Amino acid sequence: MTGRVIIIGGGVAGMQTAITLDELGFKPVIIEKEASLGGKLCRWDRLFPTMTPAQEVLGDLLKRVEKTASEVRTSTTVSEIEEQGRGVTLSDGSRLDAEAVVVASGFDIFPAERKEEYGYGLYDNVYTTVDVERMFREGGVRMADGREPKTVAFLHCVGSRDEKVNQRHCSRVCCITGVKQAIEVKQQIPGAEIFSFYMDMRMFGPGYEELYRQAQQQYNIHFVRGRISEASPTIDHRIHIKAEDTLIGRPLRMSVDMLILAVGMQAGSSNVAFGRNNNIDLYPSGFLRPLNQFSGNVRSSSPRLFYAGTVTAPKNIGESINEGIAAAYQVAQTLNAAKS
Amino acid sequence: MTTWGYSISRPRSIDIDRNDMSYSQELLREYPELQTCIACGNCTATCTAANLTSFSLRKVHTLVRRGEYQGMAEELEKCMLCGKCRLACPRGINTRQIVLTLKKHLVNRSR
Ligand SMILES: Cc1cc2nc3c(=O)[nH]c(=O)nc-3n(C[C@H](O)[C@H](O)[C@H](O)COP(=O)(O)OP(=O)(O)OC[C@H]3O[C@@H](n4cnc5c(N)ncnc54)[C@H](O)[C@@H]3O)c2cc1C
Ligand code: SF4
């Protein structure tokens, strides 16, 4: 018995799985596609709902992984998972054996180009919430010509709850991300007018509704219920948008300096290949379906194959980390039982 | 004279670029809590006037927030100032006071 457990993906869920497995006396091997650990967290600036710097959470996790005896293989991609969770195949064709496998390969960001009607990648000054995180890390929000925007529109549910792009699910974190960024833009540019176009406000976590209320009352963000149907560039490089104000029941038009698309979470691109394993089941959304949604959220139908984090559904960082702990304990339970 | 019934339809779109938002902004400065409205419709659900007429405080308030003032003063005449809406508002907005303020300000404004 080697005690080796392969963790696919070194995002927050994978890192936490390794930390807990190490504490429990196992030998975790993290296999990460990118050159460094951290997953999407590496791209964020400040985290909702507390505005904690992402670097703080990331730095802490990295330090704790470093203290373990985990083996970390970066720039390595897993292409297949052995039927019973006894190993994986890497993209170079080599095989790596293990006692169990934890799939923590996360989600993909919805490519906003697919919603062509919003002009992402076609017109200047159409950005995504992912771009805005980068802009904040680089010092603040700026238009293509370097000026600060005076009117900004956020659009929720881009690539979520949308049959036209085959993404029927709600991505959960984009509402609160949109609210957080609206506040941040207003903090940077107090004179800016900010309009947020939403369908429902899904403030599911502790402190989220409170942040929404703060965005309304303290930061004067205008929330308009209605989906923007299309955006077009004006002659002076602004963006003209059309929506219905569904609370009034009349069309609404306006032009803004910047349009920010709150992109959702879609299923990770490796999920289809992983799903060739008969013990791995996919939801119609492409996320992996756990054994059951109540007491088996980190389990598959194979006793040696586990899940942690957003590979099964959209989640925030805290929830993803908790699943790392849960998966590690379930691995320990299975492997210890097999030993005795 | 024969009238043929032809007329020109005014655009129904709310055009934020052209609307005068200054009064809307002034109102929000005076009552910032008005911005916390979550459009639940509790005020309209409990409204005595809404039971008998088309009056909807939620809708009137939203129109004013978008800079659409025309006809609003007349709409507000339907309110009997009973104040039930204030008891119902989950965000704690003093809705009755909002109606009084809107009436005072909008009576002189016809666009
Ligand atoms: C715009 C935006 C802002 C957000 N802001 C916040 C916030 O402020 N607060 C908060 O709590 N949450 C936030 N979230 C959610 C947060 O990003 C996720 O909860 C978190 O990243 C999930 O971690 P994970 O480990 O499950 O997945 P990921 O972060 O996606 O990590 C998965 C890792 O697996 C790797 N991988 C994938 N496939 C393979 C493979 N085949 N082989 C090897 N490695 C592979 C990937 O490279 C990646 O490093 C935000 C999300 C979005 C979209
Ligand atoms: S969290 Fe909000 S923005 Fe995201 S998909 Fe759900 S409703 Fe839409």
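When reading the values below, keep in mind they use all heavy atoms of this one structure, side chains included, and skip hydrogens, waters and symmetry mates. From a predicted model like this one, the values you see are computed outputs, not experimental measurements. First the proteins, then the strands, lettered A, B, ... as listed; each starts at 1.
Using a distance-only test at 3.5 Å, with no hydrogens or angles considered, a donor-acceptor pair links the side chain of A:R250 to the main chain of B:R12. Using modelled atom types, one side-chain atom of B:D17 and one backbone atom of A:S255 make a donor-acceptor pair closer than 3.5 Å.
Looking at B:R91, both its backbone and its side chain come within 4.5 Å of chain A, counting heavy atoms on both sides. Using a 4.5 Å cut-off between heavy atoms, A:F223 contacts chain B through its backbone alone, with no side-chain atom that close. With a 4.5 angstrom heavy-atom cutoff, A:V256 does not touch chain B via any of its atoms. For chain B, no part of A:Q218 is nearby; none of its heavy atoms comes within less than 4.5 Å.
Environment of CZ in B:R86: sparse, with no more than 12 heavy atoms of neighbouring residues, nucleotides or ligands closer than 6.0 Å. Crowding of A:E116 atom CD: a count of heavy atoms from other residues, nucleotides or ligands under 6.0 Å not exceeding 12.
A salt bridge links B:R66 to A:D245: at least one charged side-chain nitrogen sits closer than 4.0 Å to a carboxylate oxygen.
In this structure the side chain of B:L28 reaches within 4.5 angstrom of the side chain of A:H222, judged on heavy atoms. At least one side-chain heavy atom of B:Q25 sits under 4.5 Å from a side-chain heavy atom of A:E193. A heavy-atom distance below 4.5 Å is not found between the side chains of B:K59 and A:L247. Looking only at side-chain heavy atoms (C-beta outward), B:I16 and A:F195 come within less than 4.5 Å of each other.
Per-residue counts of heavy-atom pairs under 4.5 Å with chain A were compared for B:L63, B:I38, B:V60, B:D15; the largest is that of B:L63.
For B:T36 against A:Q216, the heavy-atom pair with the smallest separation is CA-OE1, 3.3 Å.
Going from atom CZ of A:R253 over to atom CD1 of B:I14 covers 10.0 Å, rounded to the nearest 0.5 Å.
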